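I have placed the structure first, in the form of structure tokens, so that the comments after it can refer back to it.
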Amino acid sequence: MVEAEEGTDVAKAGEDRDDGLLSRYFRYHRVHLAVIAAFLVYPFIYSFLSTAPVVGSTFDLFLPDVETMVFVVVIGLFAMSFDFISGYTGYLSFGHALFYGIGAYFVIMAATGLVPFLSDETPYLLLILYGALFATGAGIVVGLVSFRLTGVYFAMLTLGFAELANIFIRDWSYLGAAPEAGITHGPGFSLGVPYVDGLQVHIGRLVGDSFHSFFGLFGMTEQIAQETVSFYAIGLLVVVCYFALQRIIHSPFGKVMVAIRENEERAKAVGYNTYWYKLGAFSISAFFAGIAGALAAGYRRGASPDNSFDLFVTADALLAAIIGGFGTLAGSLYGHLFHEMLDDFLSTESHGLARYLQGIIPDSVLEAEIVGELTLQVVINGLLAGRAELYLGLVFIFFVLVVPQGLLGTIRERIGGTAAENLPDHLRRYIRGLRK
Amino acid sequence: MMLEVENIDTYYGQSHILEGVSLAVEEGESVALIGRNGVGKTTTLRSILQLTPPTEGSITFRGEDITGMETFEVAQRGVGWVPEERRMFAHLTVDENIEVSTPPEADLDAAYDLAYETFPDLEQFRDKDAGTLSGGQQQMLAIARGLVGQNDLLLIDEPSEGLAPLIVEQVSEALEALRAETTMLLVEQNFEMAMDLTDRFYLLDHGQVVESGQSDDVSADDEFIQRYLSA
Amino acid sequence: MIVELFFQSGGTLTALDVPLSSTPVTEVLTDAMDPGALARIVLDSLSKAGLYITIAVGLTLIFGLMGVLNFAHGSFAMYGAYIGGVIMVVAVTSGTGDLSRLVIFFGAAAFVLALMTVVGGAIEKKLIRPVYDRPPLFQILLTFGIVLVLDEAARIVVEWRGITPRSRWEGPFDTLPAFLSARYDVFGSTIRGIWLFEIAVGAVIVVGVYLFLTRTRYGLYIRAGSEDGEMAQALGIDIRQAFTLVFGVGTGLAAFAGVILMWDPRFGASVPLTIEALLIAFVIVIIGGLGTFKGTVVAGVLVGFIDGFTTWMLPNYDAVEFALVSAVLPGEWAIPMSSNLPEATMFLALVVVLIVRPQGLYGIEEVGGH
């Protein structure tokens with residue numbers, strides 16, 4: 001993969017020679033910009049289509065709502081941080097939820113005055129930063145010990161640390177009378193430039209800022225507008241994080257990470273102290289996992305052991321990274337988008353498939369017994385309502401067996417390089433081919 | 001022909017190791033495969049065993065095409081392997097190493113007798129873990145494993161490697177005795193030893209057979225041999 | 001836990017509303033030497049050790065032979081618990097005698113063992129075989145995918161039958177013979193009959209697997225294949241058949257353990273049993289050293305005793321104080337008892353063993369790395 005990228009770099013250099021710095025920059029990032037634009041307009045498209053007469057409910061069935069999109073970008077960032085260490089160096093960080101959980105708990109604890117020496121008035125953006133730094137510290141400690149091991153022993157040791165933290169947090173009476181249930185911060189958070197009120201927006205489920213005058217144009221309800229504001233604010237930070245991670249991957253440091261994955265002995269033989277490179281990559285990864293946790297907790301206005309330190313939180317990142325493309329960074333976002341769309345599609349709520357089918361199929365058919373007491377109603381409820389995990393597992397197995405490169409990895413293989421660099425030219429050639 | 005290797009190409013990952021190797025071994029013959037380090041001698045043996053299956057060409061054993069078979073199927077047809085670095089089952093005892101190499105239908109006591117009569121030195125260590133044996137003893141056990149397997153053809157890889165000269169002498173004698181009993185394809189760095197133990201030889205360079213002939217007819221001084229064997 | 005104490009006992013930060021009454025660790029150890037306490041600890045620990053080894057032994061054999069860390073192992077135990085439970089609940093009525101119940105139980109266990117051995121073998125052949133030549137990561141991922149599917153499928157069926165998947169299924173407890181559900185008094189401590197049953201079954205499994213590995217030709221093949229699969233194949237051993245067999249039997253044994261767990265009030269059949277069983281099995285095989293039977297047995301007993309001892313401590317103390325720690329650090333230091341203590345101690349043992357001895361107690365250095 002690296003070789004292919006380097007090859008196209010040379011080809012690109014010739015093409016871009018005459019352009020100015022800025023236009024070259026935009027040319028390089030045009031795919032990124034297209035993706036960002038798609039995410040930007042999505043809330044409007046969703047609102048328009050899902051409220052349209054007649055076909056609205058069908059669109060609502062297939063399209064994830066904006067609140068879901070908030071989690072797509074947040075968990076997507078977490079999955080990217082997981083991919084950063086596991087996909088690029090080959091070390092499976094099975095306890096990655098530890099860093100996500102630290103970020104999540106830190107902001108809520110700080111906002112409720114539970115962190116010593118830190119005012120509960122501290123701006124959210126700073127809390128995110130501090131939380132991420134705490135996660136980095138934990139990453140360094142766990143990494144110092146764990147990188148003495150390799151393979152499954154490494155995976156199990158990181159899992160061991162995360163499980164210890166998980167058990168501890170469920171028990172930590174300092175957090176209140178029922179630590180098992182987690183902690184909350186009702187008022188929510190304002191994301192934006194610290195100490196400048198005009199440049200901050202209030203985010204969060206049900207309590208976020210909304211802007212009637214502007215969004216009212218599109219005839220949206222207030223609820224959606226709140227979610228949309230949160231989606232943009234959080235999305236902006238995720239974009240910044242993505243570019244930071246992407247820069248590191250393309251730097252000489254990132255090249256060493258890939259060298260470690262491909263053949264660690266050779267990387268050592270060439271003279272790299274792989275231990276410190278791995279530790280560095282792990283702490284960077286922990287930092288961004290911490291940011292993702294802090295964002296998720298901020299939007300939820302709370303954190304609980306089940307949605308932060310749990311093994312299944314790591315599993316979400318794993319699923320996203322594999323389906324999206326292991327070792328592709330951006331793939332994790334699409335992998336998790338797929339996950340959330342499936343969740344949303346098979347949801348038990350009104351926009352889910354089960355309720356949709358119950359709406360359009362006559363009761364007489366639903367209630368009719370197929371075999372014994374088994375009715376179509378029971379089958380729909382049993383196999384479709386809230387059963388995304390089942391199908392996700394099947395899709396996951398399919399990807400591992402048949403599409404091990406994942407979505408983005410397969411695209412890269414087809415077009416011979418990263419999508420950011422090669423997709424526009426590839427599309428142009430393809431369209432030209434169609435015209436002939 | 002007992003073994004016929006025809007024009008095989010073998011890759012190890014991305015690297016092309018064998019490029020059209022052909023060789024043949026007749027029943028009762030002892031054949032040497034010589035050449036510098038890294039020219040593909042071990043890979044040739046691994047290809048015959050289908051451990052590293054060739055991508056092109058064919059391998060027939062006793063008239064049967066064995067290309068693409070599972071390794072254990074090739075072994076069950078009577079091809080034995082005495083690998084480089086011995087590959088003992090270090091945590092099994094010497095007896096167990098013999099037992100695991102004996103075909104299930106064969107008489108186990110006869111196998112023990114054969115092994116310990118051929119290598120009397122091993123008998124005292126029967127209940128010791130094979131990993132505790134010395135290098136020379138391990139080499140003898142490795143050959144004994146090939147012996148009790150009731151094989152028609154033995155592929156022997158670098159039997160003298162890493163052994164003291166005195167031990168090499170012993171191993172050499174054991175192989176000389178074996179030569180009368182079975183067919184051998186021998187990979188050996190020690191040129192003199194290889195020629196002493198075989199009837200014919202193939203010289204391999206860069207994944208190709210560059211010369212073959214009668215072992216008696218060549219000496220280490222030959223200009224041709226010199227060119228391909230000296231570093 | 002230490003941080004917890006930092007906040008609880010530091011005084012300068014947060015004072016506890018109700019101060020814990022802490023007991024010095026030396027006193028705890030003295031209390032444990034009381035015959036009643038000791039009997040309880042030993043029997044509880046050994047019964048858990050028997051169960052844990054039965055779960056973990058398949059995992060370690062599978063890893064040893066084929067290098068696959070099987071994440072689906074816990075799911076198989078969960079399936080064993082539910083399938084066994086269904087058989088018991090259907091076959092046993094209130095009028096069934098104790099001996100008949102035991103016979104039905106062994107019938108159910110044998111059926112589950114056989115069924116899940118076949119299922120495991122099929123999973124190995126159809127799903128795992130294609131990924132052997134890929135990096136070890138893919139085997140972890142694949143078996144993890146199997147967990148997602150198996151657990152959700154179990155949830156669908158269990159919910160459909162009106163049973164709550166999250167909490168343990170009480171139904172099968174009524175099928176216990178009186179002499180196993182009874183509590184017995186030993187030196188003033190209460191012992192459950194099923195503990196002794198589990199100790200016996202665990203011992204049979206350990207001895208049985210040991211004899212299979214050391215006294216049979218096939219066991220020899222498995223040990224040889226675990227050391228060097230390529231060499232074993234070159235000696236004519238059909239290693240792929242051995243893979244299928246070991247994966248199948250390992251799966252069957254995990255499910256067999258599940259059938260016992262279904263009867264044990266400390267566990268019971270539930271979908272979260274998947275993770276509980278999997279984590280315990282992981283901890284044991286990693287502490288013991290991946291792929292070694294001896295290590296698994298030793299680590300199983302160790303973890304059983306960690307579990308048994310901490311479980312005994314829970315109701316008896318508020319907090320346990322470590323004089324050594326308090327002597328070095330300022331303030332009073334004690335570990336408060338919580339229901340999560342056994343699990344926490346287990347993972348602490350895992351972390352400590354891996355730090356001190358990365359390949360586990362009896363592991364071989366090269367195994368389990370890259």
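Predicted, not measured: the structure shown is a model, and the values here were computed from it. So you know, we letter chains A, B, ... as the sequences are listed, proteins then strands, and number each from 1.
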Discussion item. Measuring from atom CH2 of B:W81 to atom CD of C:E230, what distance do you get when rounded to the nearest 0.5 angstrom?
Written reply: 5.0 Å
Item to complete: Determine whether more than 12 heavy atoms belonging to other residues, nucleotides or ligands lie under 6.0 Å from atom CD of B:Q14.
Response: no
Fill in: chain C contact residues among residues 121-160 of chain B, heavy-atom distance under 4.5 Å
B:R145
Worksheet item: What residues of residues 208-218 of chain C sit under 4.5 Å from chain B when only non-hydrogen atoms are counted?
Response: C:R217
Practice prompt. Answer whether the closest heavy-atom distance between the side chains of C:R223 and B:H91 falls below 4.5 Å.
Written response: no
Worksheet item: Which bit of B:I48 comes within less than 4.5 Å of chain C, counting heavy atoms only: side chain, backbone, both or neither?
Response: neither
Practice prompt. Examine whether an atom of B:L51 lies under 4.5 Å from a heavy atom of chain C, and if so say whether it belongs to the side chain, the backbone or both; otherwise answer neither.
Written response: side chain
Worksheet entry | From CA spacing to verdict: side chain to side chain contact (heavy atoms under 4.5 Å, CB included), B:F72, C:I237 | CA-CA 6 Å; B:F72 77 92; C:I237 296 168; 5.7 Å; no
Practice prompt. Check whether any side-chain heavy atom of C:Y221 lies under 4.5 Å from a side-chain heavy atom of B:P104, and answer yes or no.
Written response: yes
Fill in: Residue part contacting chain C, namely of B:E70, when any heavy atom lies under 4.5 Å
side chain
Worksheet item: For chain C, which of B:Q50, B:E73, B:M88, B:Q76 has the most heavy-atom pairs under 4.5 Å?
Response: B:Q76
Worksheet item: Is the closest side-chain heavy-atom distance between B:F89 and C:L235 below 4.5 Å?
Response: yes
Worksheet entry | Toward chain C, the part of B:E99 with a non-hydrogen atom under 4.5 Å | both
Worksheet entry | Shortest non-hydrogen contact from C:L220 toward B:L92 | CD1-CD1, 3.9 Å
Worksheet entry | Which atoms of B:V79 approach chain C - backbone, side chain, both or neither, heavy atom under 4.5 Å | backbone
Discussion item. To check you understand the geometry: which heavy-atom pair defines the closest contact between C:G236 and B:A75, and what is its length?
Written reply: N-CB, 3.4 Å
Practice prompt. Decide, yes or no, whether a salt bridge links C:E227 with B:R87 under the criterion of side-chain N to carboxylate O below 4.0 Å.
Written response: no
